[in-house]
Structure formats: structure tokens, C-alpha cells
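The structure appears right after this line, and notes come after that.
Hydrogens, waters and symmetry mates are skipped; everything else that's a heavy atom, side chains included, is used. Quantities reported herein were computed from a predicted structural model and do not represent experimental measurements. Read the numbers this way: they start at 1 and go in the same order the structure lists the ligands and their atoms.
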Amino acid sequence: MIFLEALACKNKGRVPVWIMRQAGRYLPSYQLLRKKHPLKELFFTPELAARVTLLPFQELELDAAICFSDILVIVKALGFSIDFLDKPVVSPLLTTEEAIDRIFCQPLEESLFFLFKTLEILKKELSVPLIGFCGGAFTVATYLMKEPLLWLYQRPDSFHRLLEKLTEASIEYVKKQIESGADVIQIFESHANLLPEEMLLEFVFPYLGRIVDAVKSLGAPVILFMRGSSYFVPELLSLRPTCISLDWHRSLQKMREKIPYPIAIQGNFDPHLLFAPKEKIVHTVKTHLLKDPGYIANLGHGVLPGVSVDAVKSFIEGVRLGSAAFNGDGYAGSQIYQLPDSGAVYRHY
Ligand code: CP3
């Protein structure tokens with residue numbers, strides 16, 4: 001299982017690869033299923049969600065599977081309803097502070113039964129590790145109100161109370177995902193790039209840290225994805241995730257120099273690269289791939305709509321070719337970086 005080995009920074013084989021949003025969008029087999037079933041049905045029917053998760057494996061050699069679901073299904077457990085149109089639509093949207101205080105988390109094993117069942121089915125079918133996931137509390141919160149940034153600045157106390165409730169529900173949610181068969185959890189804090197640094201420190205990192213700690217306390221690896229990650233490496237390090245998933249703004253080599261073992265890194269190719277000609281994709285991936293025992297190849301964000309399956313195949317081929325010579329003896333730069341002792345400064349919750 002080179003994916004799990006790489007998460008432990010102990011991979012001696014080739015570089016493992018999976019792709020964010022690998023289960024939908026660009027796959028003709030997925031488009032066909034979408035013609036027959038609305039998205040909601042695909043997400044909420046365990047047999048269908050499991051089938052979609054497995055679709056990319058018919059054509060691509062991937063080293064991990066991510067459960068077909070969405071970061072917003074959790075809001076069902078908190079008394080909201082959710083539909084998936086062009087974008088996810090949650091109702092009723094929050095308009096008052098009292099509505100936040102009334103939010104209450106129903107037992108997840110009932111409200112999100114379908115998701116745990118999907119993981120159980122997948123666990124039996126898969127020969128690669130299974131990734132479960134949740135959204136960061138801040139990102140999920142942005143879908144629950146019309147103007148989240150106005151609320152954040154005008155009514156920060158109740159925004160914190162909302163983040164608190166979302167964090168507690170997410171912790172319960174990822175615990176149950178692990179019990180149902182997820183080997184690894186990835187946290188998607190996709191909208192963090194909306195905020196300036198001082199607001200990230202107050203509204204994002206402390207809550208992320210609590211989910212990271214909860215997953216680690218169960219003995220499972222946790223991957224932290226945040227848009228803008230390249231600019232916040234010290235802060236992300238202080239949360240001690242198993243792995244940091246990087247955006248494409250800085251080179252992998254430079255990022256590894258700032259991210260010490262035993263923290264693994266994932267990413268970080270520009271999703272637009274997959275619109276380039278095959279040769280360019282293969283060459284870029286082959287050349288810039290990190291040859292490192294704690295590295296997982298992926299894009300810096302999800303695969304974009306309109307990308308061809310052939311482009312995704314070229315990406316994977318680039319990873320195979322680039323890692324062929326890697327003998328796993330250690331970091332190519334041969335330097336072992338030490339993690340600083342204290343990261344407590346970002347943990348003022
Ligand atoms: O892309 C990211 O930033 C990852 C985090 C994230 C997911 N869902 C994870 C996901 C975010 C921000 C969402 C919200 C969401 N949900 C959006 C973005 C809307 C916006 O505000 O810009 C959309 C369009 C949805 C609905 C949705 N979720 C669709 C239509 C699909 C299936 C097909 C597709 O487009 O990929 C999903 C699946 C989904 N969302 C997965 C994950 C991890 C599982 C599929 C996979 O990773 O292969």
C-alpha cells in the first residue's frame with residue numbers, strides 16, 4: 001500500500017497517485033450515469049455512490065479511492081436540507097443568531113446512514129486505501145448563509161458558535177467514517193483563501209486543528225487541504241496533520257524544504273496543466289515530481305470540468321515515468337528536516 005507508506009514518509013516504492021475529484025466530471029461513464037440519476041440520488045444511494053467511486057478504476061491506475069459524496073452532506077444531520085443544482089443549495093439559510101443557537105446535531109448513524117453504508121460496501125470491493133472526508137468548518141459555514149463574510153465581521157461571536165457546532169459534528173462524522181471503513185481522512189478547507197491572515201488565525205486554524213487531533217487520536221492519517229496552503233506552511237505545520245495537500249503556487253522542492261518529516265506532502269500540479277498536449281503533461285509531471293518517501297502525487301485542486309480522460313492518463317503516466325528511478329532511499333536533497341518542538345502558538349482555542 002504505497003499510499004499509506006507515503007503518508008508515513010516511509011515509501012520505498014514508486015510515487016503513489018490519486019486525483020482530487022477523480023470520481024466525476026471528466027469521466028464519460030459518470031456522465032452516462034448522471035443522465036439516468038439526479039446527483040442527489042447518486043450521493044444518497046449507497047450502491048450508486050459506491051459504483052461512482054469505483055468508476056475511475058475501470059480505466060486508470062490510481063493508488064487510493066475517495067468516497068463519492070460532498071462536503072455538504074453533513075448539513076443534513078444539522079437540520080438543513082441540501083440540493084445539488086449548478087451549485088449546492090442549502091435551506092433554510094441562516095439569517096438570525098437564534099437560528100445558529102437552535103442548530104442541533106441529530107444522531108449521524110441515522111441522518112447520514114447512506115454514507116456509512118457506502119463506505120462499508122467500498123471497503124469490501126477495494127484493493128487500495130479508501131479516503132473519507134469532511135469540509136473544514138469555515139468552508140461549510142460559507143454555504144449556510146447569504147453573506148458569510150459580512151456575518152463574520154458583524155457578528156463574530158455567533159459565527160464562532162456556528163463553527164463550534166460544525167466542528168463537533170465533523171469530528172463525530174469522521175470518527176464514524178473511520179469506523180465504517182475509511183483508512184484516511186482528508187479535510188477540505190477550500191474557501192480559506194477568502195480570508196486575510198489574522199482572520200484565518202481566528203476562524204480557521206483552531207477549528208481545523210481540532211478535527212486533525214480527533215482523526216489522529218483514532219490512529220488514522222489525516223490530509224489537510226486548504227486553498228492558499230503554500231502561503232501558510234508554518235501555520236499548517238503547527239496543526240501537525242499527517243500530510244499537507246499543497247496548491248500549485250510554489251514548487252514541490254521548495255515546499256519540501258519548509259515541510260519537515262514526518263509530515264507528508266501531496267499535490268501540487270496546476271489543474272490547468274491537464275488541458276496541455278499529452279507530451280507537455282507527461283514532461284512537466286516527470287520533471288517536477290518529488291522523489292521523496294513522504295510524497296503523494298496529485299493536482300493542487302480538483303480536476304476541472306472539460307478535462308479528457310486521456311489527459312488524466314498522461315498525468316498518471318508522468319508520475320510512473322518520473323518515479324521509475326526513485327529507489328526510496330530518502331529525500332533527493334538528502335537533508336532530513338526536524339519539526340520544531342512547539343506549534344502551540346496557533347492553538348489558542
Ligand atoms: O473542490 C474542492 O474545493 C473540494 C471541496 C469541495 C467538495 N464539494 C468536495 C467534493 C467543495 C468546496 C464542495 C462544494 C461543492 N459541491 C461544489 C462547489 C461549488 C462552489 O461553491 O464553487 C459543487 C459544484 C458541489 C456539488 C458536487 N460535489 C458535484 C456536482 C460533485 C460530483 C461531480 C464533480 O463535479 O466532481 C461533487 C462531488 C465531490 N465534492 C467530491 C468531493 C471530494 C467527490 C468526488 C471526487 O472527489 O472524486
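A cation-pi geometry, defined here as NZ or CZ lying under 6.0 Å from the six-membered ring centre and within 45° of its normal, does not hold between K87 and Y143.
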Please tabulate protein-ligand N/O pairs under 3.5 Å for ligand 1, atom names and distances to 0.1 Å.
unit_1: ligand 1; atom_1: 1 (O); unit_2: R21; atom_2: NH2; d: 3.4
unit_1: ligand 1; atom_1: 1 (O); unit_2: H301; atom_2: NE2; d: 3.3
unit_1: ligand 1; atom_1: 3 (O); unit_2: S190; atom_2: OG; d: 2.6
unit_1: ligand 1; atom_1: 3 (O); unit_2: H301; atom_2: NE2; d: 2.7
unit_1: ligand 1; atom_1: 8 (N); unit_2: R21; atom_2: NH2; d: 3.2
unit_1: ligand 1; atom_1: 8 (N); unit_2: D70; atom_2: OD1; d: 2.8
unit_1: ligand 1; atom_1: 16 (N); unit_2: D70; atom_2: OD1; d: 2.7
unit_1: ligand 1; atom_1: 16 (N); unit_2: D70; atom_2: OD2; d: 3.4
unit_1: ligand 1; atom_1: 21 (O); unit_2: Y143; atom_2: OH; d: 2.6
unit_1: ligand 1; atom_1: 28 (N); unit_2: D70; atom_2: OD1; d: 2.6
unit_1: ligand 1; atom_1: 35 (O); unit_2: R21; atom_2: NH1; d: 3.2
unit_1: ligand 1; atom_1: 35 (O); unit_2: R25; atom_2: NE; d: 2.6
unit_1: ligand 1; atom_1: 36 (O); unit_2: R21; atom_2: NH1; d: 3.0
unit_1: ligand 1; atom_1: 36 (O); unit_2: R25; atom_2: NE; d: 3.1
unit_1: ligand 1; atom_1: 40 (N); unit_2: R21; atom_2: NE; d: 3.3
unit_1: ligand 1; atom_1: 40 (N); unit_2: R21; atom_2: NH2; d: 3.2
unit_1: ligand 1; atom_1: 40 (N); unit_2: D70; atom_2: OD1; d: 3.0
unit_1: ligand 1; atom_1: 47 (O); unit_2: R21; atom_2: N; d: 3.1
unit_1: ligand 1; atom_1: 48 (O); unit_2: Q22; atom_2: N; d: 3.0
unit_1: ligand 1; atom_1: 48 (O); unit_2: A23; atom_2: N; d: 2.7

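Remark: side-chain polar atoms of D157 are not paired, donor with acceptor, to backbone N or O of H160 under 3.5 angstrom.
Note: H272 and W248 have perpendicular aromatic rings, judged against thresholds of 30 and 60 degrees for the angle between ring planes.
For D70, there are no salt bridge (charged side-chain N to carboxylate O under 4.0 Å, His left out) partners, not counting sequence neighbours.
Remark: of the listed residues I71, I211, V140, L166, I211 is the sole one forming a side chain to side chain contact (heavy atoms under 4.5 Å, CB included) with C134.
More than 12 non-hydrogen atoms from other residues, nucleotides or ligands lie less than 6.0 angstrom from NZ of K123.
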